[in-house]
Amino acid sequence: MSIEQKRAARRYTLGLLFAAGVLAAGTPTIAAAQAKPEAQTIRIGYQKYGTLTLLKGRGTLEQRLAAKNIAVKWTEFPAGPQLLEGLNVGGVDFGTVGEAPPIFAQAAGANLVYVGNEPPSPASEAIVVPKDSKIRSLADLKGKKVALNKGSNVHYLLVKALEKAGIGYKDIDTVFLPPADARAAFERGSVDAWVVWDPFLAAAEKQLGARVLADGKGLVANHQFYLAARPYAEKNQEVVRIVLEEIAKVDEWGAKNPKEVATILSAQTGLDTDVVALAASRYAYGVKPITADVLQQQQKLADAFSTLKLIPKPIAVKDAQLPAKQLAAQ
């Protein structure tokens with residue numbers, strides 16, 4: 001073979017090797033194109049009460065979203081203020097709280113939106129005292145130590161109860177504690193009264209014999225609100241809509257199946273069945289879109305807290321409303 005022939009053969013071999021290299025390099029690209037898109041996750045904050053706990057226990061949301069390659073991550077919070085702090089810092093995308101937490105969160109600059117609410121449930125929160133307490137009326141709270149979770153739904157109940165009794169907010173000694181710590185203080189007698197919501201309320205009644213001094217009836221509506229981080233809600237309108245649809249389904253189911261509700265709640269919360277059954281008997285089922293009337297009720301809370309200097313500045317609750325058309329079916 002001549003030198004020229006050897007050079008030609010060498011060029012041919014190198015060409016084959018180069019072509020093989022190109023094909024090999026292209027293989028991952030082809031595989032990547034055929035692979036499923038990376039799964040998304042919606043991070044949901046919940047508490048030991050309400051429809052989201054039932055939704056988690058039944059697992060129907062996971063089934064619905066799996067078809068869209070979306071996973072669900074659940075995170076439990078001790079109360080609404082802590083949950084909304086998690087939402088504000090980007091730890092959760094969606095969650096449920098009572099009436100007051102969104103007011104405090106919005107006043108603190110949280111970028112959240114209201115996306116739905118359950119009907120009023122005024123009996124699901126109350127001011128309780130020890131069974132042998134000498135406190136017999138709201139007027140007797142003057143000068144007493146009252147425990148509550150600051151910025152939670154019961155904060156407004158306390159404000160309205162004192163107003164009804166003609167007692168100034170500063171005429172009592174408020175002790176801000178999360179539910180577990182408040183219960184401990186209540187049990188050892190470090191506080192005279194406790195303002196709390198279900199199922200902690202039901203547990204205090206059933207396990208401690210706590211006496212209800214006043215619940216929310218005639219004082220507050222006590223809505224359960226569903227909120228989302230605004231950036232998430234605006235970017236994932238369909239997912240938020242699906243979550244609300246699944247909440248509506250579990251609401252309808254729960255209203256018809258109280259025994260099954262108690263069983264699921266007991267498993268999810270670790271509380272006795274008789275405790276969660278009492279709490280569930282005071283639930284209000286039937287999620288609805290946010291309306292101007294509900295927002296106006298929220299504005300009354302905001303104004304009251306502003307007047308009492310409990311929030312740093314006045315707010316317009318309507319600024320935290322997601323336009324209804326953004327959640328309408330596409």
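Here, residue 1 is the first one in the sequence, and each next residue gets the next number.
Going from atom CZ of Phe200 over to atom OG1 of Thr269 covers 9.0 Å, rounded to the nearest 0.5 Å. Atom CG of Asp274 sits about 5.0 Å away from atom NZ of Lys206, to the nearest 0.5 Å. Of the inter-residue distances, the one linking Trp197 atom CH2 with Ser152 atom OG reads 4.5 Å to the nearest 0.5 angstrom.
For the pair Arg58 and Trp253, the distance from NZ or CZ to the six-membered ring centre is under 6.0 Å and the angle to the ring normal is within 45 degrees.
With hydrogens and angles left out, the side-chain atoms of Asn69 and Gln40 include no donor and acceptor closer than 3.5 Å. Under the 3.5 Å distance criterion, with hydrogens and angles disregarded, a donor-acceptor pair is assigned to the side chains of Glu62 and Trp74. Residues Asn222 and Ser124 have side chains that never bring a donor and an acceptor to within less than 3.5 angstrom of each other.
Under a 3.5 Å cut-off, the side chain of Arg211 and the backbone N or O of Ile135 do form a donor-acceptor pair.
Remark: Glu245 CD is packed, more than 12 non-hydrogen atoms of other residues, nucleotides or ligands lying under 6.0 Å away.
Cluster annotation: Leu278 and Leu271 are assigned to distinct hydrophobic clusters (Ile/Leu/Val/Met/Phe/Trp/Tyr, side-chain heavy-atom contacts under 4.5 Å, transitive).
Using a 4.5 Å cut-off on side-chain heavy atoms (C-beta onward), Ile315 and Ile103 make contact. Taking 4.5 Å as the limit, every side-chain heavy atom of Glu76 sits out of range of all side-chain heavy atoms of Lys56. In this structure, Ile242 and Lys68 have side chains that are in contact, with non-hydrogen atoms separated by less than 4.5 Å. Annotation: side chain of Glu252 is not in contact with side chain of Tyr285 (no heavy-atom distance under 4.5 Å). Contact of the Leu201 side chain with the Asp198 side chain is registered, since non-hydrogen atoms from C-beta on lie closer than 4.5 Å.
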Considering only distance and modelled atom types, tabulate donor-acceptor pairs under 3.5 Å from the side chains of residues 165-178, sequence neighbours left out.
{"residue": "Tyr169", "atom": "OH", "partner": "His155", "partner atom": "NE2", "Å": "2.9"}
{"residue": "Asp171", "atom": "OD2", "partner": "Gly168", "partner atom": "N", "Å": "3.0"}

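Residue pairs meeting the salt bridge (Lys or Arg N to Asp or Glu O under 4.0 Å) criterion with at least one partner in residues 90-114, sequence neighbours excluded, are Arg43-Asp93.
Using a 4.0 Å cut-off between charged nitrogen and carboxylate oxygen, Lys288 and Glu118 do not count as a salt-bridge pair.
Every residue was checked against the side-chain hydrogen bond (donor to acceptor under 3.5 Å, both in side chains) condition with Asn117, not counting sequence neighbours, and none meets it.
Screening Phe225, Tyr226, Phe94 against Tyr114 for a ring pair (Phe, Tyr, Trp, His ring centres under 6.0 Å) leaves a single residue, Phe225.
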